[in-house]
Enquirer: 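Could you have a look at this structure, given as structure tokens, before my questions?
One-based numbering, in listed order, for ligands and for the atoms of each. Computation of the quantities below employed the complete heavy-atom set of this structure, encompassing side-chain atoms and omitting hydrogens, waters and symmetry-equivalent molecules.
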Amino acid sequence: MSRKIYGSCLCGTVKYEIENNFEIFYLCHCTQCQKISGSNHVSNLFGKPNSLRWLTGEAKIKRYEYPNRGFTNAFCTDCGGGVPFLTQSGKAVVVRAGTLGGQPQFFSSSKIFHSERPDGNEKAEASKSYEKFPITNKE
Ligand SMILES: [Zn+2]
Ligand SMILES: [Zn+2]
């Protein structure tokens, strides 16, 4: 028996539940994921296709099929936040890790399309951390 985990888009219009036993957690650095996220990579969990259940807002979801790589994006048309989607092959459901309201359980993880990551990524990841915006007053 697996436990459920809940997720939503930013505005909360789209809500879902899914079994919290993901096969793999990919940090994908491909150029398509950079474009859809506006960031250096996306964090995608892959679950079983029948493990997802929409709770609210399914009619607000827009799906986009990129013509190459069998690549898909799905998002809430109110806030633009990423939401889960079934892969084009139908073999897995992809969940944006940041949409989850708790800790995902997964069997393995990998960084993929690592050679496509933008210049400066590693330097930024190794930089100093702050809990909020750093104080920008003169020192
Ligand atoms: Zn939304
Ligand atoms: Zn990607």
Enquirer: Output yes if His41 passes the N/O/S-under-2.8 Å test against the Zn ion (ligand 2); output no otherwise.
Expert: no
Enquirer: Is a side-chain N or O of Glu19 found less than 3.5 angstrom from the main chain of Ser51, in a donor-acceptor match?
Expert: no
Enquirer: Angle at the Zn ion (ligand 2) between SG of Cys30 and SG of Cys33, to 10°?
Expert: 110°
Enquirer: In sequence, state the C-alpha distance, the side-chain angles, and the governing distance for Asn73 and Arg63, and then conclude on side-chain hydrogen bond (donor to acceptor under 3.5 Å, both in side chains).
Expert: CA-CA 6 Å; Asn73 186 25; Arg63 187 180 165 104; over 6 Å; no
Enquirer: Do Val14 and Phe75 touch side chain to side chain, with heavy atoms closer than 4.5 Å?
Expert: no
Enquirer: Kindly report the SG-the Zn ion (ligand 1)-SG angle for Cys11 and Cys76 respectively, rounded to 10°.
Expert: 110°
Enquirer: Would the distance check show the side chain of Glu23 and the main-chain N or O of Phe107 forming a donor-acceptor pair, the cut-off being under 3.5 Å?
Expert: no
